[in-house]
Amino acid sequence: MISAADLEAAIRAAIPVIHLEIEDTSNGCGENYAVFVVSEAFEGKNTLARHRFINEVLKGQIAQMHAFSQKTLTPAQYQAHLAKQAA
Amino acid sequence: MADAAPTNFHDVQSPEHFQSLLSQDLQRISLINFWAPWAAPCKQMNEVVLELAKKYPQVLVLQVEAETQADIAESFEVEAVPTFVILRGHTLLGRISGADAPALTKAIAEHTRSPSSISPQSHTDRAPAAPGDGTAQESDEELNARLHALMSKERVMLFMKGNPDAPRCGFSRRIVALLRDQGVQFGSFDILLDESVRSGLKVLNNWPTFPQLIVKGEFVGGLDVVTEMVENGELKEMLES
């Protein structure tokens, strides 16, 4: 079983992280996860490239899950995202 | 009848007689003619049936007088005569109501065309291979060519589980909803129907899951990627370019 801590450690070891949210969407079973990562490492990468990147970073862990979903933003995009939410 | 009846022709005397004749060979095609002596059309159709019996010795022809053999007629839900029932063993292949000689002749010809008239040398309980499996081994180049052709079939192609009106997984359902919501025209392919496409695409696109969205022959992403691309405007840009 994969824990949120495992995932966080793997992500932080690979890229600088501004904001990170990890959610166990399998109601505590540790089988389905959704991650939200904000990092400058995503600058210049299109969406597919970012997702492939995270898939690679978490390859071993994802292989053990039933479902995995992700959302990736650059710091600038994250600021815009927060502004929109506050409006 | 002037001639002697051919050996594949039987006038059924009882339900037991009926069952024993049918059960002798469960691979055999049989034609059951439900008739009555008081119905004029039956007289003509009986002659047609006799001719068919002579022409197709591999078919078991059973003549059943519907009223005297009421139990048999009832078990086939025969309400009017003549009625013709075509079986393979106990399996219903077809049914013709009324004195339709051309339809009956056609049906017999069609059902006897297949190798059912040849006794099989082996049996299998396995279902037939899904389409696309092919009997010959597809080489890697052939598979790749086929995958590329499928991916380019339409400007936007969605490889999913099930089809857009009947998705077979939550992620596939969601991506269909998303595309429709965005007013994107897309073609689709059900990867559950073709194992080689299913596994081939995972390798070709280096993406382990379905659904997979392809635009202008190139892999774009799965549900997550497409969701993000809708949010950040990337998809719109891609489709308009």
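In what follows, chains carry the letters A, B, and so on, assigned in the order in which the sequence lines appear, proteins first and then strands, with residues in each chain numbered from 1.
- Within 6.0 Å of the CD atom in B:E79, the count of heavy atoms belonging to other residues, nucleotides or ligands does not exceed 12.
- A donor-acceptor pair under 3.5 Å is absent between the side-chain atoms of B:E234 and the main chain of A:N46, judged by distance alone.
- Summarising the local packing, NZ of B:K216 is surrounded by more than 12 heavy atoms from other residues, nucleotides or ligands at distances under 6.0 Å.
- Across every non-hydrogen atom of B:V225 and A:T47, the tightest pair is O-CG2, 3.6 Å.
- The residue among B:L223, B:N205, B:T227 with the most heavy atom pairs within less than 4.5 Å of chain A is B:N205.
- For B:R168, the CZ atom is loosely surrounded, since the number of other residues' heavy atoms within 6.0 Å does not exceed 12.
- For the set A:R52, A:Q70, A:Q77, A:K71, the count of heavy-atom pairs under 4.5 angstrom toward chain B peaks at A:R52.
- Crowding of A:E43 atom CD: a count of heavy atoms from other residues, nucleotides or ligands under 6.0 Å exceeding 12.
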* Could you go step by step and tell me if B:T209 and A:F68 meet the side-chain contact (heavy atoms from CB on, under 4.5 Å) rule? -> CA-CA 10 Å; B:T209 53; A:F68 175 72; over 6 Å; no
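- In this structure, chain A has heavy atoms under 4.5 Å from both the backbone and the side chain of B:N206.
- In this structure, no portion of B:V226 lies under 4.5 Å from any heavy atom of chain A.
- Surrounding CD of B:E218 are at most 12 heavy atoms belonging to other residues, nucleotides or ligands under 6.0 Å away.
- Within 6.0 Å of the CD atom in B:E74, the count of heavy atoms belonging to other residues, nucleotides or ligands does not exceed 12.
- Using modelled atom types, one side-chain atom of B:E228 and one backbone atom of A:T72 make a donor-acceptor pair closer than 3.5 Å.
- Under a cut-off of 6.0 angstrom, the local environment of NZ in B:K236 is sparse, with at most 12 non-hydrogen atoms contributed by other residues, nucleotides or ligands.
- Here B:F219 contributes atom CZ and A:L48 contributes atom CG; the two are 5.5 Å apart, rounded to the nearest 0.5 Å.
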